[in-house]
Amino acid sequence: NLKKSSTKKMKSSDRPSRNLQDVPPHASLEEIKQRKVLDLRRWYCISRPQYKTSCGISSLVSCWNFLYSTLGAGSLPPISQEEALHILGFQPPFEEIKFGPFTGNATLMRWFRQINDNFRVRGCSYILYKPHGKHKTAGETAEGALMKLTQGLKDESMAYIYHCQNHYFCPVGFEATPLKAAKAYRGPLPTNEMEYWILIGEPSRKHPAIHCKKWLDIVTDLNTQNPEYLDIRHTERGIQRRKTKKV
């Protein structure tokens with residue numbers, strides 16, 4: 001049986017006083033949109049599924065389609081992984097090509113130029129943040145890189161590829177989460193009062209379509225040097241150590 005509960009009316013003197021001046025103003029939609037950024041066209045352009053080891057060219061095609069095709073911010077027809085591979089001189093069966101040993105950052109940048117030249121469009125590429133190793137970005141800090149990445153993800157003339165442990169995929173958005181619950185709907189906040197999460201589009205069908213990773217974990221990944229590594233897709237495993245020599 002349902003019983004209607006009785007309610008006791010509060011006198012105004014019993015209610016906790018609440019000075020409206022103490023209540024922070026809520027953020028506007030535009031202010032929240034600065035903290036929660038996801039251009040769905042970036043996700044639409046993720047080339048998924050990839051071939052077994054084609055994450056590099058699949059990520060490049062994803063970025064190219066966002067920048068230049070009607071699936072994204074451009075005006076050209078979208079291209080497929082297969083078309084891109086044909087332009088670059090590869091022949092099927094593509095699933096039998098072992099891309100890993102010869103696909104590096106410089107390779108992707110060269111392929112980007114070749115595809116642009118084929119379609120007679122202009123563009124440039126550069127390494128945003130690489131704190132160690134060949135072509136490291138001397139002088140760039142994690143804080144500076146985060147600022148450039150978050151600004152760039154609001155810019156439809158920019159697209160990104162994240163080179164992590166034996167994999168490439170594409171940042172598509174981010175959330176800057178306030179550290180304090182009371183500030184969930186507050187207006188602009190200082191960077192040190194927020195925690196940044198990066199949304200990453202995944203070309204492999206064996207993983208979630210979009211990952212959401214802490215920027216601090218990404219920084220840890222990029223700063224961890226051989227033989228140690230952090231698998232950003234499995235952060236629960238922590239820092240790991242290679243048992244075999246890296247090829």
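Because the structure is predicted, anything quoted here is derived from the model rather than measured.
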Q. Counting distance only, does the side-chain N/O of Arg48 pair as donor-acceptor with the main-chain N or O of Ser58 below 3.5 Å?
A. no

Q: Kindly state each residue pair satisfying salt bridge (charged side-chain N to carboxylate O under 4.0 Å, His left out) with at least one member in residues 150-170, sequence neighbours excluded.
A: Arg41-Glu156

Q: Determine whether Ile115 and Val121 fall in the same hydrophobic cluster, where Ile, Leu, Val, Met, Phe, Trp and Tyr are linked whenever their side-chain heavy atoms lie under 4.5 Å apart.
A: yes

Q | Approximate separation, where rounding is to 0.5 Å, of Phe112 CZ and Thr107 OG1 | A | 15.0 Å

Q | Heavy-atom side-chain contact between Glu31 and Pro188 under 4.5 Å | A | yes

Q: Decide side chain to side chain contact (heavy atoms under 4.5 Å, CB included) for Lys213 and Trp197; before the verdict, give the C-alpha distance in whole Å, the side-chain angles of both, and the deciding distance to 0.1 Å.
A: CA-CA 5 Å; Lys213 298 297 177 180; Trp197 296 76; 5.8 Å; no

Q: Apply side chain to side chain contact (heavy atoms under 4.5 Å, CB included) to the pair Asp231 and Gln240, showing each step before the final yes or no.
A: CA-CA 8 Å; Asp231 184 346; Gln240 300 178 80; 3.9 Å; yes

Q | Smallest separation among heavy atoms of Ala184 and Ile32, with atom names | A | O-CD1, 4.1 Å

Q) Considering all heavy atoms of both residues, which atom of Leu153 and which atom of Arg42 are nearest to each other, and what is their separation? A) O-NH2, 3.5 Å

Q: Find out whether His135 and Met109 are in side-chain contact, i.e. whether some heavy atom of one side chain is under 4.5 Å from a heavy atom of the other.
A: no

Q. Do side-chain atoms of Asn223 reach the backbone of Val219 as a donor and acceptor pair under 3.5 angstrom?
A. yes

Q) In Å, rounded to the nearest 0.5 Å, how long is the span from NZ of Lys130 to NZ of Lys136? A) 9.5 Å

Q: Supply the atom-to-atom distance Leu71 CG to Asn65 CG, rounded to the nearest 0.5 angstrom.
A: 6.0 Å

Q: Indicate if Leu222 and Tyr229 have the same hydrophobic cluster label, given that clusters are the connected sets of ILVMFWY residues with side-chain heavy-atom separations under 4.5 angstrom.
A: no

Q) Side-chain contact, heavy-atom cut-off 4.5 Å: Leu108 with Thr103? A) yes

Q: Applying side chain to side chain donor-acceptor pair (under 3.5 Å), name anything that partners His234, two or more places apart in sequence or on another chain.
A: Glu236

**Q.** Within one Ile-Leu-Val-Met-Phe-Trp-Tyr cluster: Leu149 and Tyr126, side-chain cutoff 4.5 Å
**A.** yes

Q. Are Cys55 and Ser204 close enough that some pair of their side-chain heavy atoms sits under 4.5 Å apart?
A. no

Q) Could you give the distance from NE2 (His163) to CD1 (Ile232), rounded to the nearest 0.5 Å? A) 13.5 Å

**Q.** Taking every non-hydrogen atom, the tightest pair across Gln81 and Pro49
**A.** NE2-O, 3.3 Å

Q.
Considering only residues two or more places apart or on different chains, which pairs with a residue in residues 174-184 satisfy side chain to side chain donor-acceptor pair (under 3.5 Å)?
A. Lys36-Glu175, Glu175-Thr177, Lys183-Glu193

(Q) In the structure I gave you, are the side-chain heavy atoms of Leu146 and Phe174 within less than 4.5 Å of one another anywhere? (A) no

Q) Tyr129 vs Trp215 aromatic rings, parallel, tilted or perpendicular, using cut-offs 30° and 60°? A) tilted

(Q) Which residues pass the side chain to side chain contact (heavy atoms under 4.5 Å, CB included) test with Thr53, not counting sequence neighbours? (A) Phe99

Q: Any chance you could measure Lys98, atom NZ, to Ser54, atom OG, to the nearest 0.5 Å?
A: 13.5 Å

Q) Is Leu29 isolated, or which residues cluster with it under the ILVMFWY side-chain rule of less than 4.5 Å, directly or via members? A) none

(Q) With a 4.5 Å cut-off on side-chain heavy atoms, are Asn105 and Tyr168 touching? (A) yes

Q | Co-members of the apolar cluster containing Trp43 [side chain, <4.5 Å] | A | Leu38, Leu40, Tyr44, Ile46, Val172, Leu199, Ile210

Q | Side chain to side chain, Leu76 and Thr70, heavy atoms closer than 4.5 Å | A | no

**Q.** Closest approach of Phe66 to Ala159 (non-hydrogen atoms, all atoms of both residues)
**A.** CD2-CB, 4.3 Å

Q: Might you work through the side chain to side chain contact (heavy atoms under 4.5 Å, CB included) test for Phe102 and Ile97, ending with a clear yes or no?
A: CA-CA 11 Å; Phe102 61 83; Ile97 301 174; 4.0 Å; yes

Q.
Closer than 4.0 angstrom, basic N to acidic O: yes or no for Arg233 and Glu202?
A. yes

**Q.** Intermediate values then yes/no, side chain to side chain contact (heavy atoms under 4.5 Å, CB included), Asn226 and Arg242
**A.** CA-CA 8 Å; Asn226 190 49; Arg242 288 188 186 86; 2.7 Å; yes

Q. If only atom types and distance count, is the side chain of Thr150 paired as donor or acceptor with the main-chain N or O of Met147 below 3.5 Å?
A. yes

Q: Could you verify whether a donor N or O on one side chain and an acceptor N or O on the other, from Glu82 and Tyr51, lie under 3.5 Å apart?
A: yes

Q: Might you point out which heavy atoms bring Thr137 and Leu128 nearest each other, and give the distance in Å?
A: CG2-O, 3.8 Å

Q) Nearest heavy-atom pair of Ile198 and Pro171: which atoms, and what distance? A) CG2-CB, 4.1 Å

Q: Drop me the distance from Tyr196's OH to Ile218's CD1, to the nearest 0.5 angstrom.
A: 13.5 Å

Q: Using a strict 4.0 Å threshold on nitrogen-to-oxygen distance, state whether Glu140 and Lys148 make a salt bridge.
A: yes

Q: Look at atom NE2 of His207 and say whether more than 12 heavy atoms of other residues, nucleotides or ligands are closer to it than 6.0 Å.
A: yes

Q: Answer yes if Ile200 and Ile161 sit in the same cluster of Ile, Leu, Val, Met, Phe, Trp and Tyr residues linked by side chain heavy atoms under 4.5 Å apart, and no otherwise.
A: no

Q | Check: Ser47 main-chain N/O paired with Ser62 side-chain donor or acceptor under 3.5 Å | A | yes

**Q.** Hydrophobic cluster membership, Leu67 vs Val61, 4.5 Å side-chain cutoff
**A.** yes

Q) Can we call the ring centroids of Trp64 and Phe119 under 6.0 Å apart? A) yes

(Q) With heavy-atom distances below 4.5 Å as the criterion, would you say the side chains of Pro203 and Phe169 are in contact? (A) yes

